[in-house]
Protein chains: 2
Amino acid sequence: MNANQRFAISVHALTLLASSSDPLTSEMIASSVDTNPVVIRRTMASLREHGLVESKSGAKGGWRLLREPKEIGLCEVYRSLDEVNVLAVHSHPNKHCPIGGNISGVLRSVFEDAQSEMEKALGNYTVADILNDVRRKANQ
Amino acid sequence: MNANQRFAISVHALTLLASSSDPLTSEMIASSVDTNPVVIRRTMASLREHGLVESKSGAKGGWRLLREPKEIGLCEVYRSLDEVNVLAVHSHPNKHCPIGGNISGVLRSVFEDAQSEMEKALGNYTVADILNDVRRKANQ
DNA sequence: GTATTCGTAACTATAATGGTTACAATTATG
DNA sequence: CATAATTGTAACCATTATAGTTACGAATAC
């Protein structure tokens with residue numbers, strides 16, 4: 001269904017930042033993610049708007065976390081991206097049909113419930129958890 | 001993120017079928033959904049492959065449920081569509097970076113967990129529930 | 001035999017996404 | 001102050017997913 005990589009890129013970037021004491025440039029993050037620095041800036045811009053990271057222009061600039069990795073839950077990261085809903089209601093059901101005319105609201109409410117459970121599950125993980133798991137894998 | 005309407009269309013179609021004693025043609029379902037009959041056939045084909053509905057060609061043909069509406073959970077409907085995962089892992093992280101080289105598996109496992117919670121939430125609703133809710137809305 | 005209906009391939013239009021280039025603005029540093 | 005490094009952002013392109021559409025063969029009821 002969805003092939004949007006922004007969330008994965010965001011978690012990857014945050015994990016990198018959590019693993020580093022110094023700020024990292026878009027270039028460095030892009031190299032680890034394997035994409036273009038502009039893609040990183042675009043993605044990180046959303047995280048910055050939500051107060052998760054800070055960026056600095058110019059020489060010795062780059063990105064750094066504004067919070068402890070263990071205080072950044074993945075649910076918040078996900079929500080920072082302002083993605084559209086994972087389950088989409090169809091657009092123009094027939095208003096003159098008893099089902100078509102009334103199903104949109106019902107679906108919306110069910111889909112919201114499902115998505116909210118998904119986000120709750122994401123909230124069980126923090127950036128610190130991801131970094132720990134990654135390091136554990138690295139040591140195998 | 002995802003703007004795929006197949007799941008919404010499927011639930012809509014199944015609800016319609018649940019509301020009708022006779023089989024419904026792709027044409028009739030398409031009219032309620034407001035789309036083309038071919039889109040309905042394509043979507044319903046997945047549900048048929050998973051034993052949720054049956055289709056019959058020819059005059060007086062059409063679609064009908066193979067199970068009681070209260071025995072069709074939305075999780076099963078969702079899974080019948082073989083959609084890709086709602087949260088996508090990014091494609092080629094840098095294998096030579098300690099983070100990039102190990103994060104894919106970690107993300108996959110977290111994303112699977114989140115999606116599984118979403119599907120579990122969908123499973124709390126059946127087609128009969130949706131039909132009831134739609135009818136309740138219609139009577140307001 | 002005819003009308004109805006599904007099955008499916010083929011094609012098109014639209015939109016989302018990511019990648020890329022380019023350049024202005026900002027900043028550290030010598 | 002000059003230079004190099006870095007972000008911000010607009011603009012554009014290529015790819016892909018999606019839905020819509022047409023067309024036609026196969027199946028079926030009557």
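Letters go in sequence order (proteins before strands), and every chain restarts at 1.
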At what distance, to the nearest 0.5 angstrom, does [atom1] of [X] lie from [atom2] of [Y]?
X        : Y       : atom1 : atom2 : result
A/Glu76  : A/His50 : CD    : NE2   : 8.5 Å
B/Gln115 : B/Asn85 : CD    : CG    : 4.5 Å
A/Leu87  : B/Arg6  : CG    : CZ    : 13.0 Å

Select base, sugar-phosphate, or nothing to describe what A/Arg6 touches, counting heavy atoms under 4.0 Å on all strands.
-> sugar-phosphate
Just call it for B/Gly58: base, sugar-phosphate, or nothing, with non-hydrogen atoms closer than 4.0 Å on any strand.
-> base
Can you tell me how far [atom2] of [N] sits from [atom1] of [X], to the nearest Å?
X       : N      : atom1 : atom2 : answer
B/Trp63 : C/dC6  : CH2   : P     : 7 Å
B/Ile9  : D/dA17 : CD1   : C1'   : 14 Å
B/Asp82 : D/dA17 : CG    : P     : 15 Å
B/His92 : C/dG19 : NE2   : P     : 8 Å
B/Glu49 : C/dG7  : CD    : C1'   : 12 Å
A/Met44 : D/dT7  : CE    : C1'   : 12 Å
B/Arg64 : C/dC6  : CZ    : C1'   : 16 Å
A/Arg42 : C/dT21 : CZ    : P     : 13 Å

For [X] and [N], is the shortest distance between a side-chain N/O and OP1 or OP2 below 4.0 Å?
X       : N      : answer
A/Lys56 : C/dA28 : yes
A/Asn4  : D/dA17 : no
A/Ser55 : D/dG8  : yes
A/Ser57 : C/dA25 : no
A/Lys60 : D/dA4  : no

Report the C-alpha distance between B/Met28 and B/Thr25 in whole Å, list the side-chain angles of each, state the deciding distance to 0.1 Å, and finish with yes or no for side chain to side chain contact (heavy atoms under 4.5 Å, CB included).
-> CA-CA 5 Å; B/Met28 294 189 272; B/Thr25 67; 3.3 Å; yes
Considering residues, nucleotides and ligands other than A/Glu27, do more than 12 of their heavy atoms fall under 6.0 Å from its CD?
-> no
Would you state whether a donor and an acceptor, one from the side chain of B/Arg48 and one from the base of C/dG7, lie under 3.5 Å apart?
-> no
Shortest non-hydrogen separation from B/Val53 to B/Leu66 and the atoms involved | O-CD1, 3.5 Å
What closest approach, in Å, do B/Gly100 and A/His12 show between heavy atoms, and which atom pair accounts for it?
-> CA-CE1, 3.6 Å
Of all the choices, D/dT7, D/dT21, C/dC6, which nucleotide is nearest to the side chain of B/Ser26 once you look at every atom?
-> C/dC6
Could you identify which residues of residues 27-41 of chain B place a heavy atom less than 4.0 Å from some atom of DNA chain C, listed by residue number, or say none?
-> B/Val38, B/Arg41
